[in-house]
A.B. asks: 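Let me begin by handing over the structure; questions about it come next.
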Amino acid sequence: MLKLFAAVIKELLLLKRDRAGLAVLFLMPVILVVAITLVQKNVMELTGQSKTRLLMADLDGGSLGKTLSDSLEEGHIEIIRRNDEKTDLEDIRAAVLDGDFQVGIVIPAGSSERLHKEAVAIFTESGQDAPEVKPAQIPIALFFDPAVMPGFRTGLTAQLRMSLERVAMQAKVEQLQRKMDEQSSIMLPWPGSSRFSGERIATVFDQSLFKLNSPASSEEGTDASEYNPVQQNVPAWALFGIFFTAIPIAGGLLQERRSGIQLRLTTLPVSPFLLLTAKVLAYLAVCCCQFFLITLIGAHLFPLLDLPAFSLGQDVLSVVAVVLLTGLAACGYGILLGTACRTYEQASTLGSTTIVAAAAIGGVMVPVYAMPQIMQRISIISPLNWGLTAFHDILLRGDSLDMVLDDLLRLGCFFLLSVLLAWKLTRP
């Protein structure tokens, strides 16, 4: 145990001498998380370059769902229909809140028949001076993924409203045409006796037959789907900084090899496994310090910048588990870089390039759902995507640790595979 402790202290002392590396590890993610969050606060719009995946549960099974689907598909929306009789509102809510879809919509049973009845009721047999008919609106349940930005929600909600009003307009026109056909043969004695004057018809077509409901998504009654850029950017850029520990790790290994320290260490009564464990523990502590620093900035500095305060939520242990597994993955990659590269320049260039690329395709810089379909499929190979998905599931969607075990398992396997490859490279 004392040997392990001494080896850990040795690694920390070596890192202390690398002031440039410390600046990269701590200052870079801090600057990025503050700058990006401030920019994203004012620029919260999607480019609309990728199709939106909308999950639709048509519990009605009538003409309303088909007409609405046709109208939405004319835009940039991909409709995924679920017509299973066992599917209900809670199933759609769960699928959307899990992040499988950006938006979900539920058409209740009997909506097509009700739409027809409400359209008929507008044109009831009544005199011109009769009270105006107020149709009952048909509720359409609407759910958004918590990771979707406000500008996207606003645009999509407007598109949904337009599509629903288009369906309602078609129903009104059909009933108006029927009414006009019924009265076409009647000779009106004077102009003012028309039951449906131009003003009355205009009023009729201004009446909405639908209402979009966005019920609260949490048991506490708050809207858990409310977008918070802080809750997304803090873990994203903390993750980015954690993976940059791979470069100082690689640099330390190369320095030990070049200076002969590695050869001298082999003559000591210390196993290579203990030295490797000490290096991993030392840098794992650095990763935890990185995340703790960015968490403090998100919780205390951001409110001073008129931004929401960052919160770890109630399941802090799950967040710690994600940080530890992410740190292990970063350490494993650093060990692999230090073993595969021959110079520090090679390690720093290759390391920074691959980490930035993994962050770009992993959703750190641009949300995965805003990418083209091919990039969304490629993003699954990025270790940063695994860590970021786990963070989002815990911090935004309220998932527990067992629900992110698949991502944590990927990070753990990445660490083991990296160390195994590094060990293979060191063998003669």
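Hydrogens, waters and symmetry mates are skipped; everything else that's a heavy atom, side chains included, is used.
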A.B. asks: Report yes if some heavy atom in the side chain of V106 is under 4.5 Å from a heavy atom in the side chain of R93; otherwise report no.
C.D. replies: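 No, their side chains stay 4.5 Å or more apart.
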A.B. asks: Can you name the nearest heavy-atom pair linking A236 to V364, along with the distance?
C.D. replies: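 Where A236 meets V364 most closely, the heavy atoms are O-CG1, 3.7 Å.
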A.B. asks: Which heavy atom of A309 sits nearest to which heavy atom of V230, and what is that distance?
C.D. replies: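 Of all heavy-atom pairs spanning A309 and V230, the closest is C-CG1, 4.2 Å.
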A.B. asks: I would like to know whether L115 and I138 meet side chain to side chain contact (heavy atoms under 4.5 Å, CB included); could you show each step before the answer?
C.D. replies: CA-CA 7 Å; L115 173 63; I138 303 171; 3.8 Å; yes
A.B. asks: Search all heavy atoms of A238 against all heavy atoms of I294 and return the closest pair with its distance.
C.D. replies: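 Shortest heavy-atom contact: CA-CD1, 3.5 Å.
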A.B. asks: Hey, does F414 have a side-chain heavy atom less than 4.5 Å from the side chain of L411?
C.D. replies: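 Contact flag for L411/F414 side chains = no.
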A.B. asks: Closer than 3.5 angstrom, by distance alone: can the side chain of D393 be matched with the main-chain N or O of V404 as a donor-acceptor pair?
C.D. replies: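 Answer holds: no.
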A.B. asks: Working note: F143 + Q102, criterion side chain to side chain contact (heavy atoms under 4.5 Å, CB included); need CA distance, chi angles, decisive distance, verdict.
C.D. replies: CA-CA 8 Å; F143 303 100; Q102 282 86 61; over 6 Å; no
A.B. asks: Please lay out, stage by stage, how L68 and M56 fare under the test side chain to side chain contact (heavy atoms under 4.5 Å, CB included).
C.D. replies: CA-CA 10 Å; L68 181 60; M56 175 183 289; 4.0 Å; yes
A.B. asks: Quick one: pull up CD1 in I79 and CG in L72 and give me the separation to the nearest 0.5 Å.
C.D. replies: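 Rounded to the nearest 0.5 Å, the CD1-CG separation comes out at 4.5 Å.
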A.B. asks: Test of understanding: with salt bridge (charged side-chain N to carboxylate O under 4.0 Å, His left out), list the residues that count as partners of R166, not counting sequence neighbours.
C.D. replies: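 Listed in chain order: E74.
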A.B. asks: In sequence, state the C-alpha distance, the side-chain angles, and the governing distance for Q290 and T245, and then conclude on side chain to side chain contact (heavy atoms under 4.5 Å, CB included).
C.D. replies: CA-CA 10 Å; Q290 285 178 293; T245 57; 3.2 Å; yes
A.B. asks: Does Q346 have more than 12 heavy atoms from other residues, nucleotides or ligands lying within 6.0 Å of its CD?
C.D. replies: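 It does: Q346 CD has more than 12 such atoms within range.
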A.B. asks: Looking at side-chain heavy atoms only, is the closest gap between R257 and L254 below 4.5 Å?
C.D. replies: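 Yes; the side chains approach each other to less than 4.5 Å.
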A.B. asks: Looking at CG of L239 and CG of N233, how far apart are the two atoms once the value is rounded to the nearest 0.5 Å?
C.D. replies: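 L239 CG to N233 CG: 12.5 Å, rounded to 0.5 Å.
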A.B. asks: Please report the shortest heavy-atom distance between L401 and S318, naming the atom on each side.
C.D. replies: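 Taking L401 first and S318 second, the nearest heavy atoms are CB-OG, 3.3 Å.
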A.B. asks: How far does OG1 of T343 sit from CG of L350, to the nearest 0.5 angstrom?
C.D. replies: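 Separation between the atoms: 10.5 Å.
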A.B. asks: Taking the side chain as everything from C-beta on, heavy atoms only, tell me whether V96 gets closer than 4.5 Å to V103.
C.D. replies: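 A side-chain contact under 4.5 Å is absent here.
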A.B. asks: Does D407 have any salt bridge (charged side-chain N to carboxylate O under 4.0 Å, His left out) partners at least two apart in sequence or in another chain, and if so, which?
C.D. replies: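 Result, salt bridge (charged side-chain N to carboxylate O under 4.0 Å, His left out) vs D407: R410.
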A.B. asks: For residues S382 and N385, is any side-chain donor paired with an opposing acceptor at under 3.5 Å?
C.D. replies: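 Absent: no donor and acceptor within the cut-off.
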A.B. asks: Would you name the heavy atoms of T326 and F243 that are closest together and state the gap between them?
C.D. replies: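 Between these two residues, the closest heavy atoms are CG2-CE1, 3.7 Å.
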A.B. asks: When the ring planes of F310 and F291 are compared, do they come out parallel, tilted or perpendicular, using 30° and 60° as the limits?
C.D. replies: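 Perpendicular.
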A.B. asks: Answer whether the closest heavy-atom distance between the side chains of F415 and V280 falls below 4.5 Å.
C.D. replies: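 Yes. Closest side-chain heavy atoms under 4.5 Å.
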A.B. asks: Counting distance only, does the side-chain N/O of S352 pair as donor-acceptor with the main-chain N or O of S348 below 3.5 Å?
C.D. replies: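 Present.
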A.B. asks: With rounding to the nearest 0.5 angstrom, report the NZ to CG distance, K279 to L274.
C.D. replies: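 These two atoms lie 12.0 Å from each other.
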A.B. asks: Tell me, do L276 and W423 make a side-chain contact under 4.5 Å, heavy atoms counted?
C.D. replies: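 Result no, sub-4.5 Å side-chain heavy-atom pair not found.
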A.B. asks: When rounded to the nearest 0.5 angstrom, what distance separates CG in D91 from CG in L55?
C.D. replies: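 Between atom CG of D91 and atom CG of L55 there are 9.5 Å.
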A.B. asks: By the definition side chain to side chain donor-acceptor pair (under 3.5 Å), identify the one residue from H392, R153, R397 that meets it with D145.
C.D. replies: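 With D145 as partner, H392, R153, R397 yield a single side chain to side chain donor-acceptor pair (under 3.5 Å), made by R397.
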A.B. asks: Is any side-chain heavy atom of L396 less than 4.5 Å from a side-chain heavy atom of F391?
C.D. replies: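 With C-beta onward as the side chain, the pair stays apart.
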A.B. asks: Just so I know, are the side chains of T389 and V368 near enough to count as touching, which here means a heavy-atom distance under 4.5 Å?
C.D. replies: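 T389 vs V368: side chains apart.
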A.B. asks: Give the minimum heavy-atom separation between D399 and M403, together with the two atoms involved.
C.D. replies: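 Taking every non-hydrogen atom into account, OD1-CE, 3.7 Å.
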A.B. asks: Supply the atom-to-atom distance T295 OG1 to L312 CG, rounded to the nearest 0.5 angstrom.
C.D. replies: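 With rounding to 0.5 Å, OG1 (T295) is 5.0 Å from CG (L312).
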